[in-house]
Number of protein chains: 2
Amino acid sequence: MKLSQGVEWGAHCAVTLARVEPGLSLSRRTLAERYALPEAYLAKHLKAMVNAGLLHATTGPNGGFRLAKRPEDITMLDVVEAIEGPVPRFVCQEIRQRGTAGLAPEDCVARCGVDSAMEAAKEAWRESLRGVTVAALVARLPPAARGPVTP
Amino acid sequence: MKLSQGVEWGAHCAVTLARVEPGLSLSRRTLAERYALPEAYLAKHLKAMVNAGLLHATTGPNGGFRLAKRPEDITMLDVVEAIEGPVPRFVCQEIRQRGTAGLAPEDCVARCGVDSAMEAAKEAWRESLRGVTVAALVARLPPAARGPVTP
DNA sequence: GCACATCTACTCGGATAGAGAATGTCCGAGTCTCTGGGG
DNA sequence: CCCCAGAGACTCGGACATTCTCTATCCGAGTAGATGTGC
């Protein structure tokens, strides 16, 4: 249940990008300096968000990153899964069927109870993250930090 | 959001131990063979559950592990936190206050929205795990695997 | 036959290597903009 | 004054080290029970 560091960075960057005027972009250098983060490493997470279709990247002067979708259509779950990769399903190795206590396959038609419980918990977690959009996070910023961001 | 391997092992072992006659114990060797797991490594997780107060260990012949509490009083959350360690709080490093976009401390009295969202999701996850007890998992076993376990 | 000291075998516990992922960093490919010259 | 070619600087993208956690393993400390002996 360890959560990678970059998730926080990605989330904050998404919130910041949501405040940029349409048509403009923020370079990864600007974003990194904005939060005093290591630029080269932040780039890796931004790229992951590009691959996931959350951000759009343009090169050259005045290039950078911008949101690829509306802030209302980007959830925290999108950000987390973009950076962490698709959440690996709880790997129930079906140890029920192994070893000296191995159950017969016909006793395993119902899913392993441990697996079910972990899966349900993970789904609750995902559902909670799915309910928070980037737009909602922008709305919750303090008034002093809600204005447009310029490159 | 990676979940350590040993959680599944610990959970299955707890379910098995709940089926042992009171007063008896299962050695880690027996438990390991039961699921074809590496004994030495399983020992580490069992020890963690002992330290967490879920299991009780006795040495010598006929020794081993037994539940330290009633199966109804042990939840999946207990097992997970015993093995994974106390779930590290989402480390919001308050990057809001750093870098060129650093907010003034007076604008940060309300908790960071990203942090709040992650915290709420984690709590939903914990709440889901809290609702499943070892006793409930035993009850959901197939009938053929619900009888008492002998050392 | 019974009690006791010893001895064995079995148990857990902590200290010790190896693999994989996350973290952190660097340099190269591509592109937009600006500048200078020519018509 | 307008257009065009070139250079320059800025951007992202992928390949390369480093650190930390998880995985896996071994050997030693301690204890309950079995055993053999003496009374």
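Keep in mind that the numbers below use all heavy atoms, side chains included, and drop hydrogens, waters and symmetry copies. Labels below follow one simple rule: chain letters A, B, ... track the order of the sequence lines, proteins then strands, and each chain is numbered from 1.
The distance from atom NE2 of H56(B) to atom P of dC12(C) is 12 Å, rounded to the nearest whole Å. Between L31(B) atom CG and dT11(C) atom P the separation is 11 Å, expressed in whole Å. For the pair L42(B) CG and dT11(C) P, the computed distance is 14 Å after rounding to whole Å. Straight-line distance from the CG atom of L46(B) to the C1' atom of dG13(C): 12 Å, rounded to whole Å. The CZ-P distance, from R29(A) to dC12(D), rounds to 11 Å in whole Å. Distance L37(A) CG to dA22(C) P: 19 Å, rounded to the nearest Å. Distance CD (E33(A)) to C1' (dT11(D)): 14 Å, rounded to an integer number of Å. Note: CD (E8(A)) to P (dT23(C)) measures 12 Å, nearest angstrom.
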Are any protein N/O atoms closer than 3.5 Å to N/O atoms in nucleotides 17-24 of chain D? If there are, list each pair with its distance.
{"residue": "dT23(D)", "atom": "OP1", "partner": "Q5(B)", "partner atom": "N", "Å": "2.9"}
{"residue": "dT23(D)", "atom": "OP2", "partner": "Y41(B)", "partner atom": "OH", "Å": "2.9"}
{"residue": "dT23(D)", "atom": "O5'", "partner": "Y41(B)", "partner atom": "OH", "Å": "3.1"}
{"residue": "dA24(D)", "atom": "N6", "partner": "K44(B)", "partner atom": "NZ", "Å": "2.9"}

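Looking at T16(A), its side chain does come within 3.5 Å of a backbone N or O of H12(A) through a donor-acceptor pair. Panel note: side chain S128(B), backbone A124(B); no donor-acceptor pair is recorded below 3.5 Å. In this structure a side-chain-to-backbone donor-acceptor pair under 3.5 Å is present from E84(B) to S4(B). Between the side chain of R146(A) and the main chain of L141(A), a donor-acceptor pair closer than 3.5 Å is present.
Scanning all heavy atoms of the two residues, the minimum distance from R19(A) to G147(A) falls at NE-O, 3.0 Å.
With dT25(D), dT33(C), dG14(C) as the candidates, the nucleotide lying closest to the side chain of A40(B) is dT25(D). Listed nucleotides dC10(C), dG8(D), dG13(C) differ in distance to P61(B); the shortest reach to its side chain belongs to dC10(C).
Between E39(A) and N62(B), the residue anchored closer to the 5' end of DNA chain C is N62(B), taking for each the nucleotide with the nearest heavy atom.
Using a cut-off of 4.0 Å between Lys/Arg side-chain N and Asp/Glu carboxylate O, R130(A) and E123(A) are scored as salt-bridged.
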Please list every donor-acceptor pair under 3.5 Å in which a side-chain atom of residues 65-78 of chain B meets a protein atom from a residue at least two apart or in another chain.
{"residue": "R70(B)", "atom": "NE", "partner": "D73(B)", "partner atom": "OD2", "Å": "3.1"}
{"residue": "R70(B)", "atom": "NH2", "partner": "D73(B)", "partner atom": "OD2", "Å": "3.4"}
{"residue": "T75(B)", "atom": "OG1", "partner": "L77(B)", "partner atom": "N", "Å": "3.3"}
{"residue": "T75(B)", "atom": "OG1", "partner": "D78(B)", "partner atom": "N", "Å": "3.1"}
{"residue": "T75(B)", "atom": "OG1", "partner": "D78(B)", "partner atom": "OD2", "Å": "3.1"}
{"residue": "D78(B)", "atom": "OD2", "partner": "T75(B)", "partner atom": "N", "Å": "3.0"}

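Residue S25(A) is out of contact with every strand shown, counting any heavy-atom pair closer than 4.0 Å.
Between T59(A) and dG30(C), a side-chain N or O to OP1/OP2 separation shorter than 4.0 Å is absent. Using a 4.0 Å cut-off, some side-chain N or O of K47(A) falls inside it from OP1 or OP2 of dG14(D).
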